Amino acid sequence: MDFDLIVVGAGPGGYVTAIRAAQLGLKTAIVERELLGGICLNWGCIPTKALLKSGEVYEQLGHLADYGLKVEKASFDFAKVVERSRKVAAQLNSGVAFLMKKHKIEVIEGSARLEKGQGAPKVVVALKAGGSRSLQAKHVILATGARARTIPAIGLEPDGERVWTYREALAPKAAPKSLVVIGSGAIGIEFASFYRALGSDVTVVEALPRILPVEDEEVSKAAHKAFEKRGIKFRVGAGVKQLSKSKTGVTLALEAGGKAETLEAEVAIVAVGIVGNVENLGLEALGVKIEKTHVVTDSHGATGVPGLYAIGDVAGPPWLAHKASHEGVHCIEHIAGLKPSNLTAPIPGCTYAQPQIASVGLTEAQAKEKGIAVKVGRFPFRVNGKAIAAGETEGFVKTVFDGATGALIGAHMIGAEVTEMVQGFAIAITMEATEAELQGTVFPHPTMSEAMHEASLDAFGKVLHI
């Protein structure tokens, strides 16, 4: 055996898994065909947040008078906005390289393919530098991630000019004067928010009846209103039948309510879902089961092929970096014979638009579908002291409790910095907190987080400040 463990893919799932394996004393290698940190650090989570911060600051310049401040002739340098986001990504990429070196993890640059081996599959790497290398390990973990879904048959395929996915949208030469975003999930909404903040005319097209369809319906409706207030236009319940390109832009043929309509823009961003990176890995020949472009695994990441596991985006939704890291740590601790980390812990979801959206656990509708008699609490930021002082009164906190047991089963938030606050509710659900623990917790004043306390009180008729 060359290694105890080979990890294929160095995104947040893969590199975190490799680090934990090294901590447990396993001789570990990681194979990456492109950049350490994967999509998240290089073309996803991190650089998009850098762009969104630039957009947020620029948008705030238009409201300085509300704070007694003044600025003249506000403007932006789009190339420098993009350059900053790329530098942030590069810094974190270097940080992952440092961590690999620190933990004595061998990094192998190239594309991996699996073949039948001695126990676990053999990993054959077509090296970036040329040639190939054949490796055998006791265990192999696939962390190959996923990519944007495209639909070439109707023109939803990136060309780098008129049709973009998240990757092209991160580093274009200039901000388009107009764009249409196809899909209103977190990725689509974040890019809509960024480009609108810099002055682009933005329309979001969503086939389902409401935007952010995985979020609680109240949050979805509030977000729709908030984004419209900022000038983003929406076409919900509208399916894209065809996208055609010209030298100057794109034209979308839509169908909404049985009626045909067209929509024109300079650029289209395709954000209609994710497909797993399962191709050209030799999985079919090994007998790995694949459903809807994702590897099928058990609760520990095992594929059914001896010694082969899969974690993160390639193993299915939710397609989130923190979910991939959590699964990876669970998987390797299981392999090592430890009591693994809690795999059923609730996974928070965050959308870093203006305003932000964050949630964890069940929506009110999901809880009712399960037959749970719920108690729901709400508290608006417009009566929160810190929010008023900061001029951030938009949005609210919503809590969902099991009425029979008092257990917190869901929390949903929209407003400033709620992505930093939702972890409090995630911890509460993980620790099986009830209304008694939440209502008995002291929240500091003045903070936005007091709205979390008040929403918990409101579910049981004890709210104090409304």
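Please read these numbers as outputs of a predicted model, since none were measured by experiment. The figures here come from the full heavy-atom set of this structure, side chains too, leaving out hydrogens, waters and symmetry mates. Numbers for residues simply follow the sequence, beginning at 1.
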Asker: Given Glu333 and Arg20, is the salt bridge (Lys or Arg N to Asp or Glu O under 4.0 Å) satisfied, shown in steps?
Answerer: CA-CA 8 Å; Glu333 288 181 350; Arg20 185 68 184 119; 2.9 Å; yes
Asker: I'd like to know if the side chain of Asp216 reaches the main chain of Glu364, judged simply by a donor and an acceptor atom lying under 3.5 Å from each other, with no hydrogens or angles considered.
Answerer: yes
Asker: Considering only residues two or more places apart or on different chains, which pairs with a residue in residues 233-250 satisfy salt bridge (Lys or Arg N to Asp or Glu O under 4.0 Å)?
Answerer: Asp159-Lys245, Asp201-Lys233, Arg235-Glu261
Asker: Determine the minimum heavy-atom distance between Leu156 and Thr150, stating which atoms define it.
Answerer: O-CB, 3.1 Å
Asker: At what distance, to the nearest 0.5 angstrom, does OG of Ser299 lie from NE2 of His330?
Answerer: 5.5 Å
Asker: Within the 4.5 Å heavy-atom criterion, are His224 and Arg210 side-chain neighbours or not?
Answerer: no
Asker: Would you check, one step at a time, whether the test side-chain contact (heavy atoms from CB on, under 4.5 Å) holds for Arg33 with Thr144?
Answerer: CA-CA 10 Å; Arg33 66 183 180 184; Thr144 51; over 6 Å; no
Asker: How far apart are the closest heavy atoms of Val267 and Val250, and which atoms are they?
Answerer: C-CG2, 4.1 Å
Asker: Heavy-atom distance under 4.5 Å between the side chains of Arg162 and Leu243, does that happen here?
Answerer: no
Asker: Are side-chain heavy atoms of Phe396 and Glu218 found at a separation under 4.5 Å?
Answerer: yes
Asker: What distance do Leu198 atom CG and Ser193 atom OG have between them, rounded to the nearest 0.5 Å?
Answerer: 9.5 Å
Asker: To the closest 0.5 Å, what do you measure between CD1 (Ile46) and CD1 (Ile39)?
Answerer: 13.0 Å
Asker: Does the pair Lys323/Glu327 count as a salt bridge with the N-to-O cut at 4.0 Å?
Answerer: yes
Asker: Ignoring hydrogens, what is the shortest heavy-atom contact between Ala310 and Ala315? Give both atom names and the distance.
Answerer: O-CB, 3.9 Å
Asker: Side chains of Thr165 and Ile269: does their closest heavy-atom pair fall under 4.5 Å?
Answerer: no
Asker: Can we say Arg167 and Glu34 salt-bridge, meaning some charged N sits less than 4.0 Å from an Asp/Glu carboxylate O?
Answerer: yes
Asker: Does CD belonging to Glu255 count more than 12 external heavy atoms closer than 6.0 Å?
Answerer: yes
Asker: Decide yes or no for Leu362 and Ile372: does some side-chain heavy atom of the first lie under 4.5 Å from some side-chain heavy atom of the second?
Answerer: yes
Asker: Where is the tightest heavy-atom contact between Ile30 and Gly9, given as atom of each residue plus distance?
Answerer: CD1-O, 3.6 Å
Asker: How far apart are the C-alpha atoms of Leu212 and Val219, what are their side-chain angles, what is the distance that settles it, and do they pass the side-chain contact (heavy atoms from CB on, under 4.5 Å) test?
Answerer: CA-CA 9 Å; Leu212 294 165; Val219 169; 5.7 Å; no
Asker: List the steps, then state whether side-chain contact (heavy atoms from CB on, under 4.5 Å) holds for Thr405 with Thr434.
Answerer: CA-CA 7 Å; Thr405 66; Thr434 68; 5.9 Å; no
Asker: Roughly how far, to the nearest 0.5 Å, is the CD1 atom of Ile274 from the NZ atom of Lys292?
Answerer: 15.5 Å
Asker: Going by salt bridge (Lys or Arg N to Asp or Glu O under 4.0 Å), name the pairs with one or both residues in residues 36-58, residues two or more places apart or in two chains.
Answerer: Lys49-Glu190, Lys53-Glu56
Asker: In residues 414-432, what donor-acceptor pairs under 3.5 Å come from side-chain atoms, sequence neighbours left out?
Answerer:
| unit_1 | atom_1 | unit_2 | atom_2 | d |
| --- | --- | --- | --- | --- |
| Thr419 | OG1 | Gln356 | OE1 | 2.6 |
| Thr430 | OG1 | Ala426 | O | 2.8 |

Asker: Check each of Leu52, Ile189, Thr48 against Tyr352 using the side chain to side chain contact (heavy atoms under 4.5 Å, CB included) test, and report the only one that passes.
Answerer: Leu52
Asker: Mind checking whether Trp164 and Tyr195 have parallel, tilted or perpendicular rings, split at 30° and 60°?
Answerer: tilted
Asker: Thr399 and Phe401: which non-hydrogen atoms are nearest, and at how many Å?
Answerer: OG1-CE1, 3.4 Å
Asker: Under the side-chain contact (heavy atoms from CB on, under 4.5 Å) rule, collect the residues that match up with Glu264, sequence neighbours excluded.
Answerer: Thr251
Asker: Provide the closest heavy-atom pair for Arg230 versus Pro355 in the form atom of the first, atom of the second, distance.
Answerer: NH1-CD, 3.6 Å
Asker: Can you find a side-chain donor-acceptor pair between Glu215 and His412 that sits under 3.5 Å?
Answerer: no
Asker: Would you confirm whether His322, through its side chain, and Gly349, through its main-chain N or O, come within 3.5 Å as a donor-acceptor pair?
Answerer: no
Asker: Examine the side chains of Gln91 and Ser94 and answer whether a donor and an acceptor come within less than 3.5 Å of each other.
Answerer: no
Asker: Any sub-3.5 Å donor-acceptor pair from Arg86's side-chain atoms to Asn42's backbone N or O?
Answerer: yes
Asker: If we only count heavy atoms from C-beta on, is the Glu157 to Val163 side-chain gap below 4.5 Å?
Answerer: no
Asker: State the NE2-CG distance between His453 and Asn384, to the nearest 0.5 angstrom.
Answerer: 13.0 Å
Asker: I'd like to check Ser184 versus Pro213 (side-chain heavy atoms, cut-off strictly below 4.5 Å). Are they in contact?
Answerer: yes
Asker: Let me confirm one number: the CD1-OG1 distance from Ile388 to Thr393, rounded to the nearest 0.5 Å.
Answerer: 7.5 Å
Asker: If the plane angle is over 60° it's perpendicular, under 30° parallel, otherwise tilted; pick one for His334 and His300.
Answerer: parallel
Asker: Got a donor-acceptor contact below 3.5 angstrom from the Ser325 side chain to the Pro12 backbone?
Answerer: yes
Asker: Can you find a heavy atom in the side chain of Leu35 that is under 4.5 Å from one in the side chain of Trp43?
Answerer: yes
Asker: Please list all pairs passing the salt bridge (Lys or Arg N to Asp or Glu O under 4.0 Å) test where one or both residues lie in residues 220-229, with sequence neighbours left out.
Answerer: Glu217-Lys221
Asker: Extract all donor-acceptor atom pairs below 3.5 Å that involve side chains of residues 456-466 and protein atoms in other chains or at least two apart in sequence.
Answerer:
| unit_1 | atom_1 | unit_2 | atom_2 | d |
| --- | --- | --- | --- | --- |
| Ser456 | OG | Met452 | O | 3.0 |
| Asp458 | OD2 | Arg378 | N | 2.8 |
| Lys462 | NZ | Gln439 | OE1 | 3.2 |
| His465 | ND1 | Glu454 | OE2 | 2.4 |

Asker: With a sphere of 6.0 Å drawn around NZ of Lys101, does it hold more than 12 non-hydrogen atoms of other residues, nucleotides or ligands?
Answerer: no
Asker: Should Val236 and Ile211 be marked as a side-chain contact (heavy atoms from CB on, under 4.5 Å) after you check the CA-CA gap, both sets of side-chain angles, and the distance that decides it?
Answerer: CA-CA 7 Å; Val236 296; Ile211 69 168; 3.9 Å; yes
